[in-house]
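Taking it in order: structure first as C-alpha cells, then the write-up.
Only this structure's heavy atoms are used, side chains among them; waters, hydrogens and symmetry mates stay out. When a ligand or atom number is given, it counts from 1 through the structure's own listing order. Bear in mind the structure is a predicted one, so any value in this text is a computation, not a measurement.
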Amino acid sequence: MKSDSQMINLVVKDCEPVFEGLKSLVDVGGGTGTIARVISEAYPQLKCTVFDLPHVVANLPTTGNLNFVGGDLFQHIPSADAILMREAIPTQGEKGKVIIIDIVINVEKDEHELTEAKLFFDMLMMVEVSGRERTEQDWQKLFMAAGFCHYKLTPLFGLRSLIEVYP
Ligand SMILES: C[S@@+](CC[C@H](N)C(=O)[O-])C[C@H]1O[C@@H](n2cnc3c(N)ncnc32)[C@H](O)[C@@H]1O
C-alpha cells in the first residue's frame, strides 16, 4: 500500500488546480502519511493533517506543514478547506471540498487489461471488507445521496482517478 501510495508523486504536480486556493487539507484514513507528505512538500503553504486511527499515527512527529491526528472518522473529522480520501471510507456530512483518489471502473473506455486489474481489486474488496469498486454512475449515486451537488472526475496514471466532489 505504501509503495503504491508513492505513485502520487507522479501525479501531484500535474494536479495543481486541485490544490489551488486551499489553505488546509486533511487526509482522512491517511495511514502513516505517505500521500500527505508528498502533497505537503509540493505545496509548502498548505497545512496538511493526516487523520487515522490513534494506534496508526501514534508517535508520528509533526514536521513543517504536516501533522498527525488520531481518531475515528465516524465520530469526528478535523475541519479543513478540503478532505482527501484515498481508499478510505467516504462518510456523510463533510462541509468542504472532498478529494477522492480511487478506482473508477469504465469497461467502455479502459483497455481490457486495465479493467481486469480493477475487477481484481473489486474481488479483493469483496473478500477482505465486504466492499466493492465502483463505476462513475455508482460514485455519482453515492455523492448525491450524501448531499453533494457536483463532481469532477480526472483519470490518473495507473488504476485510479481523482474525483473532486463539491457541496
Ligand atoms: C486502505 S488504507 C488507505 C491508506 C491511505 N489513504 C493510502 O491510500 O495509502 C485505509 C486507512 O483507513 C484507516 N481507517 C480505517 N478505519 C478508520 C476509522 N474509523 N477512522 C480513521 N481511519 C480509519 C486505516 O487505519 C487505514 O490507514
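- For ligand 1 and F74, the ligand atoms under 4.0 Å from any heavy atom of the residue are 19 (N).
- Residues F51 and M85 are members of one and the same hydrophobic cluster, defined by side-chain heavy-atom contacts under 4.5 angstrom among Ile, Leu, Val, Met, Phe, Trp and Tyr.
- The atoms of ligand 1 that sit less than 4.0 Å from any heavy atom of G31 are 27 (O).
- Applying the 4.0 Å criterion to heavy atoms of G71 picks out, from ligand 1, the atoms 20 (N), 21 (C).
- Y151 and E136 share a side-chain donor-acceptor pair at under 3.5 Å.
- In this comparison of I77, I35, L53, the heavy atom closest to atom 15 (C) of ligand 1 sits on L53.
- The distance criterion of under 3.5 Å between nitrogen or oxygen atoms is met by G29 with respect to ligand 1.
- Remark: the E164 side chain and the Y166 side chain contain an N/O donor-acceptor pair separated by less than 3.5 Å.
- Proximity to D72 (heavy-atom distance under 4.0 Å) selects the following atoms of ligand 1: 18 (C), 19 (N), 20 (N).
- Both I83 and F74 are assigned to one and the same hydrophobic cluster, defined by single-linkage of ILVMFWY side chains at heavy-atom distances under 4.5 Å.
- No salt bridge links R86 with D27; every basic N to acidic carboxylate O contact stays at or beyond 4.0 Å.
- For atom 27 (O) of ligand 1, the nearest non-hydrogen atom from the set V69, V57, D52 comes from D52.
- The two residues V18 and K97 make their nearest non-hydrogen contact at O-NZ, 2.8 Å.
- Here is the list of ligand 1 atoms found below 4.0 Å of a heavy atom in V56: 25 (O).
- The side-chain tip of R160 points at the ring of F121 from less than 6.0 angstrom away and within 45° of straight on.
- The shortest N/O to N/O separation between R86 and ligand 1 falls below 3.5 Å.
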